Colleague: 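Take a look at the following structure, please.
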2 protein chains.
Amino acid sequence: MNQHEIRFIEMQKALKKHKYKVTPQRLAILKILAYNISHPKIDEIYEILRKTFPTTSPATVYKTVAVLKELNEVLEIQYSDKGNRYDGLTPIPHPHICCTVCNKVFDIQAINFDDLINKMEKETGFEIHHVRMDVNGICQECRNDP
Amino acid sequence: MNQHEIRFIEMQKALKKHKYKVTPQRLAILKILAYNISHPKIDEIYEILRKTFPTTSPATVYKTVAVLKELNEVLEIQYSDKGNRYDGLTPIPHPHICCTVCNKVFDIQAINFDDLINKMEKETGFEIHHVRMDVNGICQECRNDP
DNA sequence: ATACGTGCAAATACTTTGCAGGCTT
DNA sequence: AAGCCTGCAAAGTATTTGCACGTAT
């Protein structure tokens with residue numbers, strides 16, 4: 001079982017556990033979020049969903065995503081100008097780096113996130129709940145291969 | 001000369017250098033951005049500006065901030081739900097921490113961001129162009145004062 | 001003097017809400 | 001059977017644009 005299947009199942013379980021109904025529309029949205037590595041926007045999810053449910057509306061997508069957000073089954077990445085993006089694959093905050101040329105996404109292993117959080121809590125006096133870190137640039141391959 | 005005065009002057013220079021007119025309204029907005037450490041939102045800037053210019057409008061604030069953004073004299077921190085915030089004091093990307101109770105935004109000085117970026121470039125082979133780091137939690141004041 | 005800036009209002013884009021009928025549990 | 005879910009439309013909210021008048025250079 002790969003990570004996509006795992007997430008698809010996990011999200012369904014989360015809905016059931018919290019007494020949310022698992023409708024065909026919701027299943028389709030879950031599948032899009034579980035199998036898509038590109039952090040889709042609401043309207044991208046909506047466009048894919050329309051292929052199976054031609055009469056659906058963006059409101060349905062917004063409502064289902066809101067539920068998943070509440071259950072921490074999807075990570076919302078806020079962009080006020082480009083439209084928010086949603087990550088259903090790794091809904092816990094994690095640093096990732098995205099190549100602006102080939103759009104491949106890599107995890108960043110180098111940084112000790114826990115260390116960093118401890119340091120920040122000490123300095124700021126905050127009780128830290130959530131860390132968001134997005135890095136953009138050009139990857140090795142695309143730099144060598146113009 | 002403290003950092004606030006320095007930024008106030010720098011922003012004025014940037015406007016003049018690029019042939020933008022320095023109007024009383026713009027001067028007032030520059031001053032708000034240079035002296036405010038709480039990363040104000042457009043409507044917060046607008047409310048302060050109204051005290052001196054009772055007939056001004058949000059559009060004027062948006063337009064001036066857009067110019068400063070273009071000149072890299074202000075950093076836009078995007079929040080799709082809470083409204084964007086603007087940092088005129090440190091207009092290069094740097095980590096922010098936002099209290100989920102009082103919504104105030106602070107800078108994080110403790111971690112050496114340049115170091116971090118170097119480390120990431122070395123490990124990933126990326127040429128890094130942009131880093132966004134947002135931290136959420138509860139600030140000291142709100143923890144003491146429930 | 002002239003071109004740019006201001007500030008009103010209308011337009012746009014994104015997201016949320018209200019509601020009637022349908023479907024999951 | 002009961003209540004949540006869907007999907008349409010309308011309402012919010014944040015931001016941008018158009019335009020006539022005023023002002024900085």
Side-chain angles (χ1 to χ4, degrees), chain A residues 11-32 39-71 73-74 76-86, chain B residues 11-33 39-71 73-86 103 105:
Chain A
M11 288 194 263
Q12 289 178 57
K13 279 186 187 160
L15 285 181
K16 283 173 189 156
K17 182 178 169 189
H18 294 271
K19 308 272 181 270
Y20 288 103
K21 286 177 184 162
V22 180
T23 64
Q25 289 91 332
R26 286 190 172 161
L27 269 181
I29 294 170
L30 259 50
K31 195 163 234 166
I32 294 166
H39 310 260
K41 295 183 286 189
I42 293 288
D43 67 305
E44 289 168 352
I45 300 171
Y46 171 60
E47 287 305 326
I48 300 171
L49 187 65
R50 283 180 79 179
K51 292 175 187 164
T52 332
F53 298 89
T55 65
T56 198
S57 76
T60 298
V61 181
Y62 277 110
K63 283 167 186 168
T64 293
V65 168
V67 168
L68 293 170
K69 228 163 53 175
E70 185 195 313
L71 302 180
E73 291 295 330
V74 73
E76 183 180 69
I77 307 160
Q78 296 194 344
Y79 294 103
S80 61
D81 54 353
K82 290 177 282 186
N84 290 347
R85 293 186 163 275
Y86 296 90
Chain B
M11 288 194 265
Q12 289 178 56
K13 278 187 189 163
L15 286 181
K16 282 174 190 157
K17 182 178 168 189
H18 294 271
K19 308 272 181 271
Y20 288 103
K21 285 176 185 163
V22 180
T23 64
Q25 288 93 332
R26 287 192 170 159
L27 267 181
I29 294 170
L30 259 50
K31 196 162 232 167
I32 294 166
L33 287 169
H39 306 82
K41 296 184 286 192
I42 294 288
D43 67 303
E44 290 167 352
I45 299 171
Y46 171 61
E47 287 306 327
I48 300 171
L49 187 65
R50 281 180 79 179
K51 292 175 187 163
T52 331
F53 298 88
T55 64
T56 197
S57 77
T60 298
V61 181
Y62 277 110
K63 283 168 186 167
T64 292
V65 168
V67 168
L68 293 170
K69 228 164 53 177
E70 185 195 312
L71 302 180
E73 290 296 329
V74 73
L75 182 72
E76 182 180 68
I77 310 157
Q78 296 193 346
Y79 293 104
S80 61
D81 52 355
K82 290 176 283 185
N84 290 348
R85 293 184 165 274
Y86 295 90
N103 267 336
V105 177

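None of these values were measured; they are calculated from a predicted model. Labels below follow one simple rule: chain letters A, B, ... track the order of the sequence lines, proteins then strands, and each chain is numbered from 1.
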Colleague: Would you indicate which nucleotide in D:dT6, D:dG7, D:dA14 comes nearest to any side-chain atom of A:Thr64?
Modeller: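 Looking only at side-chain atoms, A:Thr64 lies closest to D:dT6.
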Colleague: Using a 6.0 Å cut-off, check whether atom NZ of B:Lys41 has over 12 heavy atoms from anything other than its own residue.
Modeller: yes
Colleague: Can you tell me how far C1' of C:dT15 sits from NZ of A:Lys41, to the nearest Å?
Modeller: 15 Å
Colleague: By the 4.0 Å heavy-atom rule, please label A:Pro58 as base, sugar-phosphate, or nothing.
Modeller: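 Nothing, no heavy atom under 4.0 Å.
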Colleague: Rounded to the nearest Å, what distance is computed from the OH atom of residue B:Tyr86 to the P atom of nucleotide D:dA14?
Modeller: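 The distance from OH of B:Tyr86 to P of D:dA14 comes to 12 Å, rounded to the nearest Å.
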Colleague: Return no unless some side-chain N or O of B:Arg26 is found under 4.0 Å from OP1 or OP2 of C:dT6.
Modeller: yes
Colleague: Mapping A:Gly83 and B:Tyr46 onto DNA chain C by nearest heavy atom, which one lands closer to the 5' end?
Modeller: B:Tyr46
Colleague: Which nucleotide, D:dG7, D:dC5, D:dT15, lies nearest any side-chain atom of B:Ile42?
Modeller: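 Taking heavy atoms from C-beta onward, the closest nucleotide is D:dT15.
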Colleague: Counting only side-chain nitrogens and oxygens, does B:Asn84 get under 4.0 Å of the OP1 or OP2 atom of D:dT15?
Modeller: yes
Colleague: Classify the nucleic acid contact of A:Thr60 as base, sugar-phosphate or nothing, counting any heavy atom under 4.0 Å across all strands shown.
Modeller: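 Since a base atom lies under 4.0 Å of A:Thr60, the category is base.
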Colleague: Looking at A:Lys69, I want to see if its NZ is surrounded by more than 12 non-hydrogen atoms of other residues, nucleotides or ligands under 6.0 Å.
Modeller: yes
Colleague: 5'-most contact on DNA chain D: B:Lys82 or A:Ala59, nearest heavy atom basis?
Modeller: A:Ala59
Colleague: How close do B:Ile32 and B:Leu49 get, counting heavy atoms only, and between which atoms?
Modeller: CD1-N, 4.0 Å
Colleague: To the nearest Å, how far apart are B:Leu27 CG and D:dA24 C1'?
Modeller: 11 Å
Colleague: Using 0.5 Å steps for rounding, measure from the NZ atom of B:Lys19 to the NZ atom of B:Lys17.
Modeller: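 The NZ atom of B:Lys19 sits 10.5 Å away from the NZ atom of B:Lys17.
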Colleague: Between C:dT15 atom P and B:Gln78 atom CD, what is the distance in whole Å?
Modeller: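 Going from CD in B:Gln78 over to P in C:dT15 covers 12 Å.
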Colleague: If you take all heavy atoms of B:Glu73 and B:Met11, which pair is closest and at what distance?
Modeller: OE1-CG, 3.7 Å
Colleague: Which pair of heavy atoms, one from B:Gln25 and one from B:Thr60, lies closest together, and at what distance?
Modeller: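 Closest pair (atom of B:Gln25, atom of B:Thr60, distance): CB-CG2, 4.5 Å.
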Colleague: Touch check for B:Asp43, heavy atoms < 4.0 angstrom, all strands: base, sugar-phosphate only, or nothing?
Modeller: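 Here B:Asp43 touches no strand at all.
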Colleague: Rounded to whole Å, how long is the line connecting atom NZ of A:Lys69 with atom P of C:dT15?
Modeller: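 Computing the A:Lys69:NZ to C:dT15:P distance gives 9 Å.
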Colleague: Taking for each residue the nucleotide of DNA chain D with the nearest heavy atom, is it A:Pro24 or B:Ser80 whose nucleotide lies nearer the 5' end?
Modeller: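 On the 5' side of the pair lies A:Pro24.
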Colleague: To check you understand the geometry: which heavy-atom pair defines the closest contact between B:Gln12 and B:Val22, and what is its length?
Modeller: O-CG2, 4.4 Å
Colleague: Output yes when at least one side-chain N/O atom of A:Thr56 is less than 4.0 Å from OP1 or OP2 of D:dG7, else no.
Modeller: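 Checking D:dG7 against A:Thr56, a side-chain N or O does come within under 4.0 Å of OP1 or OP2.
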Colleague: Tell me the interatomic distance from A:Phe53, atom CZ, to D:dG7, atom P, rounded to whole angstroms.
Modeller: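 After rounding, the gap between these two atoms is 8 Å.
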Colleague: For A:Asp81 and D:dA14, give me the distance from atom CG to atom C1', rounded to whole Å.
Modeller: 12 Å
Colleague: As a test of reading the structure: which of C:dT16, C:dC8, D:dC5 is closest to the side chain of A:Tyr62, going by heavy atoms?
Modeller: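 In terms of side-chain proximity for A:Tyr62, the closest of C:dT16, C:dC8, D:dC5 is C:dT16.
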Colleague: Would you say C:dT24 has OP1 or OP2 under 4.0 Å from some side-chain N or O of A:Gln25?
Modeller: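 No, outside the criterion.
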Colleague: Looking only at non-hydrogen atoms, find the nearest pair between B:Asn84 and B:Gln78 and report the distance.
Modeller: OD1-CA, 3.2 Å
Colleague: Please work out which residues in residues 15-23 of chain B have a non-hydrogen atom less than 4.0 Å from an atom of DNA chain C and list them by number.
Modeller: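 Residues of residues 15-23 of chain B under 4.0 Å from DNA chain C: B:Tyr20, B:Lys21, B:Thr23.
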Colleague: Using whole Å, report how far CD of A:Gln12 lies from P of C:dT24.
Modeller: 14 Å
